[in-house]
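For reference, the structure discussed in these notes is given below.
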Number of protein chains: 2
Amino acid sequence: MKESKKKALEKRGWSVGSAKDFLKMTDEEAALIELKLSLAENLKTRRQKSHLSQEQLAKLLDSSQSRVAKMEACDRSVSIELLLRALLRLGATRRQLGAIISKAA
Amino acid sequence: MKESKKKALEKRGWSVGSAKDFLKMTDEEAALIELKLSLAENLKTRRQKSHLSQEQLAKLLDSSQSRVAKMEACDRSVSIELLLRALLRLGATRRQLGAIISKAA
DNA sequence: TTAGTATATGTCAGATGTGACATATCGCAA
DNA sequence: TTGCGATATGTCACATCTGACATATACTAA
């Protein structure tokens with residue numbers, strides 16, 4: 001993982017914290033987080049391309065603006081399932097989800 | 001969704017139950033469940049190809065045999081995140097996960 | 001400046017997911 | 001049949017996720 005990405009994640013509460021903690025992260029954990037990050041980035045892009053505010057998207061998802069903000073920020077409290085659900089609601093196909101997940105962060 | 005698949009899901013506690021309930025399922029929900037099902041099937045296949053028992057895989061995942069059984073059975077109580085975690089632990093690459101997710105159930 | 005809109009952050013009660021355990025069922029060899 | 005290893009199912013305490021709310025910050029326009 002790149003250092004810039006690491007820092008971005010630290011801010012989100014991933015306790016990638018010290019180098020020690022960072023090294024303790026297993027490969028799977030790192031892969032999962034990067035995967036999640038890709039989904040979050042894609043969600044933000046899609047929303048913006050759809051010219052929707054977070055508030056509007058929230059309504060579409062039966063959720064709240066604050067949660068949408070957290071989804072896009074890849075907050076610790078956001079599950080992969082929630083991100084997938086949101087992307088599907090925004091019209092993403094299964095194939096497109098696969099493409100997002102395939103690509104390295 | 002095919003009728004056979006629907007029945008398989010009913011047994012797993014997805015309350016696809018009556019035709020009415022079934023129709024109430026949104027496209028996204030159906031897509032998510034099928035996606036989950038694909039991951040679960042792949043997990044079982046991978047475990048078997050690795051000649052591991054559920055008990056052995058459970059140890060590998062710091063989990064329990066019963067949870068592994070539920071993962072493979074696509075139980076309601078199993079998250080997509082848990083399935084992805086397990087697949088990664090079994091050596092699946094991000095690209096392979098993408099492929100699983102791309103393919104229709 | 002002020003006001004308005006969009007986004008970010010912290011918190012919390014209720015919902016959902018998780019490992020662990022007990023127990024049941026299956027498949028097969030002796 | 002009996003016994004045994006593997007898998008399935010039900011339950012539960014504890015952990016994590018979620019929507020909602022309050023509030024903060026950022027950016028424009030008047």
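These numbers come from the heavy atoms of this one structure, side chains and all, not from hydrogens, waters or symmetry mates. Chain letters run A, B, ... following the sequence lines, proteins first, then strands; residues in each count from 1.
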Atom-pair distance (NZ on A:K44; C1' on C:dT7), nearest Å: 8 Å

How about B:L61 and B:M71: do any of their side-chain heavy atoms sit closer than 4.5 Å? yes

From B:E29 CD over to B:E34 CD, what is the distance, rounded to the nearest 0.5 angstrom? 12.5 Å

Measuring only between side-chain heavy atoms, which start at C-beta, is A:L39 closer than 4.5 Å to A:I101? yes

Whether B:K103 side chain and B:S38 backbone form a donor-acceptor pair below 3.5 Å: no

Quick check: does any side chain N or O of A:Q56 sit under 3.5 Å from a backbone N or O of A:S53, one acting as donor and the other as acceptor? yes

Can you name the nearest heavy-atom pair linking A:S102 to B:G98, along with the distance? OG-CA, 3.3 Å

Which residues within residues 49-63 of chain B lie with some heavy atom under 4.0 Å of an atom in DNA chain D? B:S53, B:Q54

Results of salt bridge (Lys or Arg N to Asp or Glu O under 4.0 Å) for B:R67 - residues two or more places apart only: none

Without placing hydrogens or testing angles, list every side-chain donor-acceptor pair under 3.5 Å for residues 81-89 of chain A, not counting sequence neighbours.
from  : atom 1 : to    : atom 2 : distance (Å)
A:E81 : OE1    : B:I80 : N      : 3.1
A:R89 : NE     : B:E28 : OE1    : 2.2
A:R89 : NH1    : A:L60 : O      : 2.8
A:R89 : NH2    : B:E28 : OE1    : 3.0

Using a 4.0 Å heavy-atom cut-off, write out nucleotides 23-30 of chain D from 5' to 3' as B (base contacted by protein), S (sugar-phosphate only) or - (no contact). --------

Rounding to 0.5 Å, atoms NZ (B:K44) and SG (B:C74) come to a distance of 12.0 Å

Which residue pairs satisfy the salt bridge (charged side-chain N to carboxylate O under 4.0 Å, His left out) criterion with at least one member in residues 46-55 of chain A, sequence neighbours excluded? A:R47-A:E72

Looking only at heavy atoms, which two atoms of B:L90 and B:S50 are closest? And how far apart? CD2-OG, 4.4 Å

Roughly how bent is the helix from C:dT1-D:dA30 to C:dA30-D:dT1 end to end, in steps of 10 degrees, with each end axis from five pairs? 30°

For B:L83 and C:dG17, what is the distance between atoms CG and C1' respectively, to the nearest whole Å? 12 Å

Return the polar atom pairs (N/O with N/O) between nucleotides 11-13 of chain C and the protein under 3.5 Å, or none.
from   : atom 1 : to    : atom 2 : distance (Å)
C:dT11 : O4     : A:K70 : NZ     : 2.8

Within this structure, what is the CD-NZ distance for the pair B:Q65 and B:K70, rounded to the nearest 0.5 Å? 9.5 Å

With heavy atoms under 4.0 Å as the rule, sort B:S79 into base, sugar-phosphate or nothing. sugar-phosphate

Can you tell me which nucleotide in D:dA8, D:dT18, C:dT9 comes closest to the side chain of A:A69? C:dT9

When rounded to whole Å, the CD1 to C1' distance for the pair A:I80 and D:dT18 reads 16 Å

Starting at CG of B:L84 and ending at P of C:dT18, how long is that distance when rounded to a whole Å? 11 Å

Polar atom pairs between nucleotides 25-30 of chain C and protein, under 3.5 Å, N or O only, would you list them?
none

The side chain to side chain donor-acceptor pair (under 3.5 Å) partners of A:S63 (sequence neighbours excluded) come to none

Whole angstrom value for the distance that separates P of D:dT7 from CG of B:D75: 17 Å

Atom-pair distance (CE on A:M71; P on C:dT7), nearest Å: 14 Å

Could you go through the side chain to side chain contact (heavy atoms under 4.5 Å, CB included) check for A:Q96 and A:T93 one step at a time? CA-CA 5 Å; A:Q96 288 172 323; A:T93 64; 3.2 Å; yes

Please identify each residue that fulfils side chain to side chain donor-acceptor pair (under 3.5 Å) with A:S66, with sequence neighbours left out. A:S64

Contact check, residues 85-92 of chain B vs DNA chain C, heavy-atom distance under 4.0 Å, returns none

Interatomic distance, A:L82 CG vs C:dG17 C1' [rounded to whole Å]: 14 Å

